[in-house]
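Everything on this sheet refers to the single structure shown next.
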Protein chains: 2
Amino acid sequence: MGVGGKQQVNKDATVPDNRVITSADVAREAGVARSTVSRCLSGDGRISEETRQRVLETAERLGYQINQIARSMNRRKSDLVGLVTSGLEDPFRVQFLHHLISAIQKIGYRPLVIDVSEPEHMSRSMLHLLQYQVAGVVVTSGSPSPEIGQHFIRRNVPVVLVNRAGLLEGADVVNCDNEAGGRLAAEALLAAGKRHLGFLNMSGGTYSGNARGEAFVAAIAPRLASGEVRFTPLGCRSADYDGGFQAGVEILGRPDAPDGIFCGKDHIALGLMDAARFELGLKIPQDLAVVGFDDITASSQRAYGLTTIRQCAEDLAELTVSRLARHISGPEGGAMARAVLPVELIRRTSA
Amino acid sequence: MGVGGKQQVNKDATVPDNRVITSADVAREAGVARSTVSRCLSGDGRISEETRQRVLETAERLGYQINQIARSMNRRKSDLVGLVTSGLEDPFRVQFLHHLISAIQKIGYRPLVIDVSEPEHMSRSMLHLLQYQVAGVVVTSGSPSPEIGQHFIRRNVPVVLVNRAGLLEGADVVNCDNEAGGRLAAEALLAAGKRHLGFLNMSGGTYSGNARGEAFVAAIAPRLASGEVRFTPLGCRSADYDGGFQAGVEILGRPDAPDGIFCGKDHIALGLMDAARFELGLKIPQDLAVVGFDDITASSQRAYGLTTIRQCAEDLAELTVSRLARHISGPEGGAMARAVLPVELIRRTSA
DNA sequence: TTGTATGCGTTATCAA
DNA sequence: TTGATAACGCATACAA
C-alpha cells in the first residue's frame, strides 16, 4: 500500500543546464512567482515596470523560451493556423501558398500545412486540424463537405475558403473576380478583331473555371445573338501545360478552328501557344490570339508574352488572412462574408 | 455490462454535446479508466482485444478526437516537423517544398512551415521551432549559424540540411550531386562542339552554385591546359529569369562571347535563352548552347527545350525525410551523415 | 501589484 | 490486463 512511494524529486536551487528552462526556473532566479513570469511574457499590463524588467532580463539570461504547447494546452487554443491545400503542382497555387505562409506569420501565427492528395479525405483532414487546437483554417483547395462546418462553428474556429464555391457552413469566402476576368478576356479578344472565340478549360471544370467561362460567354452574348461572332466551348484533359498542348494540337488542326481562345489558367494557355507555334506553325496573335488567367511568372517571359488576367497572389493572401484575423480576434460567430479580389488585364503580345 | 447498441445515441449519454469530448468522457462511457483509453489509442499492445474494441467503438461513437497538444505536452515531443524555408519564389524550391510536405505526412508527422525572409533571422526562427516541441527540423534554405546546432543536440531534435554547406553541428546533410552535374554539363557542351565555355550564376553565389561551377571547371581543366578550350566566368545579379536575361543581353553582345554556357539554375538559363533569341537574334544551339540545372517544369516546355541536369525534387524529399525519420525513431545522437542524390543529364534541344 | 492554488487533457509509473 | 495517480508547463481566478 505504498501511498507515499514517490521518488525523490530533484529540485535544486540552481538550474542544471542539461534541462530545458521553464518559467519556474525564471521565477526562482528572479525571485518572483511563476504567475508573475507568465504575466510578464503574456503582456499582461498589471505588472510593475521594475519587476517586468527584471523578469524579462532573467528570462533572456537563462535562455528561456516559452513552451507553446503548454501555453496552448492551457488556453485551449494554439497559435497555429491550418492550411488545407492540394494540387501543389499548379504554380499559381504554390505561389499563393508562399504568400499565405508569409501573411500568417506576419499576424503572429504559424502555418500548419496539410496537403490533401485525395479529395475524399478532405473532410477527415480538416477535422484532424482540430486536434491541434488551431486558431483558424484556410482552405485553398478541394471541396470540404458542407456539413463539417458545424464542427468548426461549435469550437469557434474560423474558416476561410479561397477561390471555391462557398458551400461550407459558417465559412468566409474569398474569391478573385472571375466575372470581371471573363469579361476583360472577351473584350481583349474582340478588340483584337477575333470573331470565332473559344474557352478552353479542363473538361468538367472547377468552380473558378466555370465562373470565368460563363462570364466570358455572357460578355459576348450580344454579338453572339447578332451572329457577328461565333463561340465554341473547348475542353482539355488536364488543367496544365500538357493539357493545353494536347488540346491545341487537336483543336487547331481542325478546319474551322477558333482564332481567339480564352484559357481558364495560364498554364493551359502556354501549352496552347506552344502547340500553335511549334506543331501547327501558326503566328500569334495574327492567326491565333490567346488570353490566359492568373499571370504566373512564366507568362511574362519573352518566349510567351501571354496576355492574361492577373490575380495578384500576394493581395489574395493578404485579403484571406485579414479575413481570418478578423474572426480570430473578433467576437464569436461573426457573420460569414464574401470578399472579392479585383483582377486586371495584362496586355502583352498574345492578344 | 450492457454492450452499447448501435441505436444508442448521444441522447442518453452522459456527455453534454456542447463540450469537446475528452478521453475522460470516452472512459466513462466505456466503463474503463482514462489510462486504458490512452493505451487503446496509442496502440499500446498490453490490452485485451475485447476492451480495445469497446473503447475504440465508444470513441468513434462520441466523435472523440485526441488532443495532440495535450499529448505533446505530456510526451514533451510533438508530431510536428519544422520546415525552414526561404526564397520561395524559386520554382524548384517550391516544388521541393511540395514533395517535402507530402513525405512528412507520409511518415505520420505534420509540417510546420517557417519562411525566413531575412537571413539574419534564420537562427532565431530555428530556435522558435523548439517552442513547439518539434520532433525534427528540415532546413531547405538559408544558413543557420553553426553554433545553434547545440540547442538541437541538447534537446535531441534531429536536423537535416538540404543542399547547403554542412556547417551546422550535429546535423545531417542531404545534397544533390553537384559535382556530377558540373561534369555532365561540361561533357554535354564539349560534345556539342563548343570551345569557348562559360559558367553563369549569381555573383557571389551559393554553396550549390559554387560547387557546380567548380566541378564544371575541373571537368574541362585538361582541355583548358592544352589551350583547346577557353573558359570565362560569368555573373548575374539575381538567380532567376531576369538575372539570366540581363546577363545574356550584356554578355552576348560582346564581340568575343562564349558559345556554350552552363547556368547554375534553370531559370537563369531560360532568361539567357530568351535574351539570345529575342534580343541578339542568335540560334540555339547553333550559335549558343545552353545547359541548365534542376529541370524545372518550364524547361521541358516546347518553347525552351532546355538541356539540363535533373535533380528529382521528389526523390530529394524522400531522401531527406528518410534521414530525418531514422533519427527521430533511432537512438540518441546517431552520427551525422551526408547523403547525395544522383543527378542525370536530360538532353533536349538547347545543347 | 504580486502570490497561491488549481486545472487544462494526456501519458507514464506503479500497484493490483 | 487494468486502474489510480502523478506529472508535463503554463495561465488564470482569487486572495492578499
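In what follows, chains are A, B, ... by sequence order, proteins preceding strands, each numbered from 1.
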Is there a side-chain contact between A:T22 and the phosphate of D:dG9, meaning an N or O under 4.0 Å from OP1 or OP2?
no
Assess the residue pair A:V20 and B:R76 against the criterion (side chain to side chain contact (heavy atoms under 4.5 Å, CB included)); give the C-alpha distance rounded to whole Å, side-chain angles, the decisive distance to 0.1 Å, and a yes or no.
CA-CA 11 Å; A:V20 174; B:R76 282 176 306 268; over 6 Å; no
Between P on D:dT2 and CZ on B:R28, what's the gap in Å once rounded to a whole number?
20 Å
Residue closer to the 5' end of DNA chain C, A:R34 versus A:I47 (nearest nucleotide)
A:I47
B:D44 CG to C:dT11 C1', in whole Å, measures 10 Å
Of the candidate nucleotides C:dT11, C:dG3, D:dC10, which contains the atom at the shortest distance from the side chain of B:I66?
C:dT11
Looking at A:R39 and C:dG3, is any side-chain donor or acceptor paired with a base atom of the opposite kind under 3.5 Å?
yes
Nearest whole Å is fine: how far is C:dC8 P from B:I21 CD1?
15 Å
Which part of the nucleic acid, if any, lies within contact of A:S35, taking any heavy atom under 4.0 Å across all strands shown: a base, the sugar-phosphate backbone alone, or nothing?
base
Which parts of residues 126-137 of chain B get close to DNA chain C, meaning a heavy atom less than 4.0 angstrom away?
none
Before accepting this row, confirm whether a basic side-chain N of the pair A:E49/A:R52 lies closer than 4.0 Å to the acidic partner's carboxylate O.
yes
Closest to the side chain of A:N74, out of D:dG9, D:dA4, C:dT10, is D:dG9
Under a 3.5 Å cutoff, is there a donor and acceptor pairing between the side chains of B:S86 and B:S141?
yes
Euclidean distance, atom CE of residue A:M73 to atom P of D:dA7 [Å, nearest integer]:
15 Å
Using a 4.0 Å heavy-atom cut-off across all strands, classify B:V37 as base, sugar-phosphate, or nothing.
nothing
Looking at every strand, decide which applies to B:S72 at a 4.0 Å heavy-atom threshold: base, sugar-phosphate, or nothing.
nothing
